[in-house]
Amino acid sequence: MVGSIETLHRSLYSNGSVHNCNGLEEKLDELRRLLGKAEGDPLRIVSVGAGAWGSVFAALLQDSYGQFREKIQIRIWRRPGKAVDRATAEHLFEVINSREDVLRRLIRRCAYLKYVEARLGDRTLLADEILKDGFCLNMIDTPLCPLKVVTNLQEAVWDADIVVNGLPSTDTREVFEEISNYWKERITVPIIISLSKGIEAALEPVPHIITPTQMIMRATGVPIENILYLGGPNIASEIYNKEYANARICGAEKWRKPLAKFLRQPHFIVWDNSDLVTHEVMGGLKNVYAIGAGMVAALTNESATSKSVYFAHCTSEMIFITHLLAEEPEKLAGPLLADTYVTLLKGRNAWYGQMLAKGELSRDMGDSISGKGMIQGVSAVGAFYELLSQSSLSVLHPEGNKPVAPVELCPILKTLYKILISREKSSQAILQALRDETLNDPRDRIEIAQSHAFYRPSLLGQP
């Protein structure tokens, strides 16, 4: 009898959460039909990259659909061999012992002893090893469900129906160029959902940006209709802890609507939107300005007034920049504004800005931080500044009516570049920028942006 109860308990619970099976199998069957999957051939989904969001995304799918083993296979790829340092192993051991459900799960799987040995310094754990037990190296405090981890990229992707890009934008091109080698003989075209936020700048033949979805398209030859972007006002760990959140999946209608339905959960609402460009660019821009928000918060002892002044100026710069890139960009309102707000409020980029301003991190430490992963806003600052400083993109300055490079109308971006990239100034410069008496009303910048003559299609590589 006890055994029967325990079996029932395991089937109802995964990582301590109750499963609601209502409608899940029907949603899975509907997506399988759209993809032409035959009976006995599982839908193969792989998350490439095991940062916080990529890991949580895979874990959400595993928690929801992993019970249908004959119909779906969910895996995650990460590079092998990354060692977990002693301090992280000690903290991980504390996390395990503070969660009875996690502790029981590891004991049941005969996996607890290795964490004891690592705590004592008798063993070195690997990041891919602990991910199998549900521990993401960038998010140790939030245990996930056990995941199927693959460290061979070819094995992970060669027959995948859906590939989730959980890589930093700085790694996306390189990894997907390698993936393209494994897809040369594919008959079916995969669907790719990119979670990556950031851009690259290219100056030839004309100045333009390259977003992660464009990097993927160019690297693999997969048509843009099959590449989507998913983002929203949320923090990965909070989503997994079932705090109510929402997101948007953007791209071609053929796939965004069925995927929004497939990904939607009671605590994670996914809407669909056609404006891939604005959402993806905003995903990169919000990380840029989140670093500055963290600096302002730290330097002013969380002054609400200073943060609101910063918010007014940075959002006007974001609107200005998106109007360069799209003729009719989605307005910075609703989910887009909320996404900006939550990133400025909490997240690794804001945290990084705070730590720099407090002197607890230095710029010499780089933008890949232990326990946090890649701080994507740093490279995005350099890319946006480089792009918008090109004189060939000049616009009329509201004062003096003379042509200037667009970056001259983005004082916050200019200051962040001087702090993070050229290192001409300290973090204090962000406050000096806000207090500059010559700073124009943010409304002026928005009014300039909303002129259709301002749109530069060449920035996206369009004629």
Side-chain angles (χ1 to χ4, degrees), residues 15 17 47 49-64 76 134 136 138-145 147 164-169 193-198 212-213 228-251 256 259-273 275-276 278-291 293-294 297 311 314-315 318 330-354 372-377 380:
N15 203 32
S17 60
S47 181
W53 192 200
S55 298
V56 163
F57 195 86
L60 289 173
L61 292 175
Q62 180 64 36
D63 276 342
S64 294
I76 185 167
C136 169
N138 296 345
M139 200 176 57
I140 291 297
D141 290 312
T142 305
L144 309 173
C145 63
L147 294 169
V164 179
N165 175 32
L167 297 162
S169 58
I193 302 172
S194 180
L195 312 177
S196 184
K197 302 170 181 70
T213 58
L228 303 101
Y229 166 76
L230 185 140
N234 43 62
I235 302 295
S237 60
E238 294 177 353
I239 292 176
Y240 195 73
N241 288 330
K242 294 194 166 37
E243 295 188 28
Y244 183 81
N246 52 59
R248 278 177 170 174
I249 188 163
C250 306
R256 72 172 193 263
L259 284 170
K261 183 177 181 181
F262 177 72
L263 296 171
R264 191 174 296 131
Q265 299 184 18
H267 69 284
F268 183 55
I269 305 303
V270 181
W271 298 307
D272 70 278
N273 191 281
D275 192 348
L276 175 64
T278 304
H279 285 80
E280 199 171 14
V281 170
M282 281 291 193
L285 276 175
K286 67 175 187 173
N287 288 336
V288 166
Y289 291 101
I291 297 176
F311 188 76
C314 79
T315 50
M318 293 173 74
E330 181 87 8
K331 289 184 178 180
L332 187 57
L336 265 182
L337 183 60
D339 195 6
T340 301
Y341 171 74
V342 75
T343 306
L344 268 59
L345 187 70
K346 182 179 180 181
R348 75 181 75 177
N349 290 279
W351 170 87
Y352 179 75
Q354 287 184 321
K372 290 290 182 179
M374 182 64 67
I375 309 300
Q376 297 190 56

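Basis for what follows: all heavy atoms, side chains included, without hydrogens, waters or symmetry-related copies. Just so you know, residue 1 is the first one in the sequence shown, and it goes up from there.
- When every heavy atom of Val342 is checked against every heavy atom of Asn234, the shortest pair comes out as CG1-N, 3.6 Å.
- Tyr240 places a side-chain N or O within donor-acceptor distance of the main-chain N or O of Cys145, the cut-off being under 3.5 Å.
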Intermediate values then yes/no, side-chain contact (heavy atoms from CB on, under 4.5 Å), Arg256 and Leu276: CA-CA 11 Å; Arg256 72 172 193 263; Leu276 175 64; over 6 Å; no
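- Remark: Asn165 CG to Leu195 CG distance equals 6.5 Å, nearest 0.5 Å.
- Residues Leu230 and Leu263 form a side-chain contact, since some pair of their non-hydrogen atoms from C-beta on lies under 4.5 Å apart.
- In this structure, Lys242 is not positioned above the aromatic face of Tyr244 in the sense of NZ or CZ being under 6.0 Å from the six-membered ring centre and within 45° of the axis.
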Stepwise side-chain contact (heavy atoms from CB on, under 4.5 Å) test for Cys136 and Trp53: CA-CA 10 Å; Cys136 169; Trp53 192 200; over 6 Å; no
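- The two residues Ala245 and Ile239 have their closest heavy-atom pair at CB-CG1, 3.9 Å.
- Applying the side-chain contact (heavy atoms from CB on, under 4.5 Å) criterion to Ala260, with sequence neighbours excluded, gives Ile249, Arg264, Val270, Asp272.
- Residues Gln62 and Leu144 fail the side-chain proximity criterion, which asks for heavy atoms closer than 4.5 Å.
- Side-chain N or O atoms of Thr340 include none that pairs as donor or acceptor with a backbone N or O of Lys286 at under 3.5 Å.
- Taken to the nearest 0.5 Å, the OG atom of Ser64 stands 3.5 Å off from the CD atom of Gln265.
- In terms of heavy-atom proximity, Gly198 sits nearest to Gln376 at N-OE1, 4.5 Å.
- Pairing each heavy atom of Pro212 with each of Ser194, the nearest pair is CB-OG, 3.9 Å.
- A donor-acceptor pair under 3.5 Å is absent between the side-chain atoms of Ser169 and the main chain of Ser196, judged by distance alone.
- Other residues, nucleotides and ligands contribute more than 12 heavy atoms inside 6.0 Å of the CZ atom of Phe311.
- Taking both residues in full, the closest heavy atoms of Gly294 and Gln354 are given as O-CG, 3.1 Å, listed atom of the first, atom of the second, then distance.
- Atoms OG1 and OH, from Thr315 and Tyr341 in turn, are 13.5 Å apart once rounded to the nearest 0.5 Å.
- Residues Thr343 and Met282 are not in side-chain contact: their nearest non-hydrogen atoms beyond the backbone lie 4.5 Å or more apart.
- Checked by atom type and distance alone, the side chain of Asn349 pairs as donor or acceptor with a backbone atom of Gly377 at under 3.5 Å.
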Trace of the side-chain contact (heavy atoms from CB on, under 4.5 Å) decision for Tyr229 with Asn273: CA-CA 10 Å; Tyr229 166 76; Asn273 191 281; over 6 Å; no
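- Taking CG of Leu228 as the reference point, atom CG of Leu259 lies at 6.0 Å (rounded to 0.5 Å).
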Trp351 and Lys372: CA distance, side-chain angles, deciding distance, side-chain contact (heavy atoms from CB on, under 4.5 Å) verdict: CA-CA 9 Å; Trp351 170 87; Lys372 290 290 182 179; 3.6 Å; yes
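- Listed by chain and residue number, Tyr310, Leu344 satisfy the side-chain contact (heavy atoms from CB on, under 4.5 Å) test with Ala293 (two or more places apart in sequence, or in another chain).
- Here the shortest heavy-atom pairing between Gly283 and Lys197 reads O-CB, 3.3 Å.
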